[in-house]
Asks: 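Below is the structure I would like to discuss, written out as structure tokens.
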Amino acid sequence: MATLLGANRSGNGGWRRTSERQTTCCSASLKDPPPRGASTSLTKEQLETDIVVIGSGIGGLCAAALLARYGFKVTVCESHHVAGGAAHGFEAQGYSFDAGPSFYAGLSGPATTTNPLKQVLDAVGESVECVQYKQWVVYTPGGDFPCICDADAYAANIRCMGGAEAERQWHALQARMAPLQAGAALLPAAAIRGDLGIAVTAGARYGPGLIKAGLVAGQLTGPFSAVVDQVVTDPWLRTFLDLECFILSGMTAKDTIAAEMAFMFSERNSGHSTIDYPKGGSKAIVAALIRGIEKHGGRVLLRTHVDSIVVEGGRAAGVRLRPKGGGGGQGDSAAGTVIRARKAVVSNASVWDTLKLLPQGAVPEAYRSEGMDTPRTGSFMHLHLGIDATGLPQDLDIHHLIVNRWGEIEAPQNVCNVSIPTVLDPSLAPPGKHLIHAYTAGNEPYELWEGLKRGTREYAALKEERSQCLWQALERIIPDVRQRTEVKLVGTPLTHERYLRRYKGTYGPAISASTGSFPGAGTLLPGLYRCGDSCQPGIGVPAAAASGMIAANTLAPVWSHWQLLDALGL
């Protein structure tokens, strides 16, 4: 279930409530303290560094944390005054909201976890306290059922909802996925790098297993539908599998890479994986990554807006901050300042926004045009609510997935996600209250909003209209939720575009596994690398964390990379 914001970008934001019961979308409160370890000042020594990372999303923070551990002097430039990108948290009227991701797995797992985010935290000696749970609830036109993190319970749900034939086909699909899962497990993301050094960190270290993985490589990198089509014909099960793909990648089985689904099913139904909610919300993860960065000599600079990437001698040589008077920058004393990078610039911005940072002529126009033409997923509607919890069931589940029309998974406003984290962490809300985050992820058309001005009557009316599906989804769980609501904040595609600096408010690139693949960490411009949901492995928190690992590993000496794998027990 949705780790649904790609957790990256150079600039980010939050939704703040400005008066009781007023619906608004704006920057997170200036009273919010920065995460521990984050800096808001730029000193002289930061004007030259080894590596500049643009953006403090999960991908950027993971890259920076590992680069710092590798011994590089790292400077992260974050436009907003809170770190975390789409995974940041914000405060409103005593409630601590998650701006985006709400579903995490494997954060409190064993030391040998395959979760990339946990591996990065382990590498820098940090951890996050979590509350574990086992299920979420799925609401469909044909009935509601708990989805349990257990292979037998999962199969039982399929039998109950889809029938005996659907269960039989699910077991047949599991058998088809088994060699793919085994192949994928033989090469951890932590071993991957984007240069010839992979022959050592992957080839030499995992050679025999890599040969076995190579036998199924074509299936792993192809669409999940190619595997599904071999054994699954049951309409209910095919739709359910499309739903599983959609909440992970923003696309259905025909476009989602098989390796991602094989890994997810293997982890989630293995019996040894955990589903976790980080105490304090997603900002606790952000704070842990920042601690890891600073512990190893790196630094995260807030209110430091990158205006352009500096190109000298045909390579990325640093970043130029927003010029004086641009607003939102480091302040007048640093306006227009260049931070020089001796080794590299790593962009955690999207493919579209990264290209916008490059001066004309830095890359061939055909490359720029191809990147700007990358297809994108839809956007989001959000409801962040603070409600009176009096009389609500004590066993209320944290996560709920509502599907209004079975068989139309990608249709706008069809799939709604609801998170009620206060059922596990009451500290996120005042006593006797619940915090709710409801959202449609990746299925809100940006085109409906394009050209509207925030603050106008037309904008307010469309917000009211397009948020109704979320209210109706919530009423499936808490029938009188409207009467209980005391704090209400609505987010739209324009919110994403403005405060998260998401190109046209998108969830991320819609690169179909049927026709292409996500690019690697490298670019055509020497010295410029990327991480985040615009490159391998793709969309979602685990994928963003893995992309940060790959970018960092690519820049590290092979021997240092090998030592990291030793330290992680891989």
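For the single chain, residues carry numbers from 1 onward in sequence order.
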Asks: For His496 and His382, take the angle between the two ring planes, folded into 0 to 90°, and tell me which bin it lands in: parallel under 30, tilted 30 to 60, perpendicular over 60.
Replies: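 His496 vs His382 ring planes: parallel.
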Asks: What is the minimum heavy-atom distance between Ala166 and Asp234, and which atoms define it?
Replies: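 The answer is CB-OD2, 3.5 Å.
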Asks: Do we see a donor-acceptor contact under 3.5 Å between the side chains of Ser419 and Tyr277?
Replies: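 Ser419 vs Tyr277: no donor-acceptor pair found between side chains.
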Asks: Hydrogens and angles aside, do Asp397 and Gln135 bring a side-chain donor and acceptor to less than 3.5 Å of each other?
Replies: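 Short answer, yes.
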Asks: Can a donor-acceptor pair be found, under 3.5 Å and without considering hydrogens, that links the side chain of Thr377 to the backbone of Tyr507?
Replies: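 Indeed, once roles are kept as given, a pair shorter than 3.5 Å links the two residues.
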Asks: For Phe518, does its backbone N or O pair with a side-chain atom of Gln536 as donor and acceptor, under 3.5 Å?
Replies: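 Flag set: sc Gln536 to bb Phe518 pair under 3.5 Å.
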Asks: With Gln169 as reference, evaluate Val231, Ile158, Thr233, Val228 under the side-chain contact (heavy atoms from CB on, under 4.5 Å) test and give the passing residue.
Replies: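 Per the side-chain contact (heavy atoms from CB on, under 4.5 Å) rule, the option paired with Gln169 is Thr233, out of Val231, Ile158, Thr233, Val228.
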Asks: Whether the side chain of Thr252 engages the backbone of Asp242 through a donor-acceptor N/O pair (distance < 3.5 Å, no angle test) should be reported.
Replies: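 No, Thr252 side chain to Asp242 backbone: no donor-acceptor pair under 3.5 Å.
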Asks: Is it true that a side-chain atom of Asp150 and a backbone atom of Ala153 form a donor plus acceptor pair closer than 3.5 Å?
Replies: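 Yes, Asp150 side chain to Ala153 backbone: donor-acceptor pair under 3.5 Å.
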Asks: Under 3.5 Å, is there a donor on one side chain and an acceptor on the other for Ser249 and Glu260?
Replies: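 No - no donor-acceptor pair under 3.5 Å links their side chains.
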Asks: Answer yes if the ring centres of Tyr139 and His400 are under 6.0 angstrom apart, and no otherwise.
Replies: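 When the ring centroids of Tyr139 and His400 are compared, they turn out to be within the sub-6.0 Å range.
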Asks: Please find out if less than 6.0 Å separates the ring center of Tyr95 from that of His384.
Replies: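 No: the rings miss the under 6.0 Å criterion.
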Asks: Does any N or O in the side chain of Ser56 come within less than 3.5 Å of the main-chain N or O of Ala83, such that one atom is a donor and the other an acceptor?
Replies: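 Absent.
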Asks: Taking the side chain as every heavy atom from C-beta outward, state whether Leu401 and Leu243 have any pair of such atoms under 4.5 Å apart.
Replies: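 Yes; the side chains approach each other to less than 4.5 Å.
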Asks: Between Asp255 and Ser514, is there a donor-acceptor pair closer than 3.5 Å when you use the side chain of the first and the backbone of the second?
Replies: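 No.
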Asks: In terms of heavy-atom contacts, does CD of Gln230 have more than 12 from other residues, nucleotides or ligands at under 6.0 Å?
Replies: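 Atom CD in Gln230 is packed in, count exceeds 12.
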Asks: Strictly under 6.0 Å, is that where the ring centroids of Tyr154 and Phe240 end up?
Replies: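 Ring centres of Phe240 and Tyr154 closer than 6.0 Å.
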Asks: Looking only at side chains, do Thr422 and His434 share a donor and an acceptor under 3.5 Å apart?
Replies: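 Judged by distance alone, the side chains do pair up.
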Asks: Would you check if the side chain of Thr374 reaches a backbone N or O of Gly371 as a donor-acceptor pair within less than 3.5 Å?
Replies: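 Pair found, side chain donor or acceptor close to backbone of Gly371.
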Asks: Looking at Asp533, Thr495, Asp353, which one forms a side-chain hydrogen bond (donor to acceptor under 3.5 Å, both in side chains) with Arg502?
Replies: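 Among Asp533, Thr495, Asp353, the one that satisfies the side-chain hydrogen bond (donor to acceptor under 3.5 Å, both in side chains) with Arg502 is Asp533.
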Asks: Can you tell if the side chain of Val487 reaches within under 4.5 Å of the side chain of Lys433, non-hydrogen atoms only?
Replies: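 Not touching, per the 4.5 Å side-chain cut-off.
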Asks: Is it true that a side-chain atom of Asn115 and a backbone atom of Ala105 form a donor plus acceptor pair closer than 3.5 Å?
Replies: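 Here the side-chain-to-backbone pair exists.
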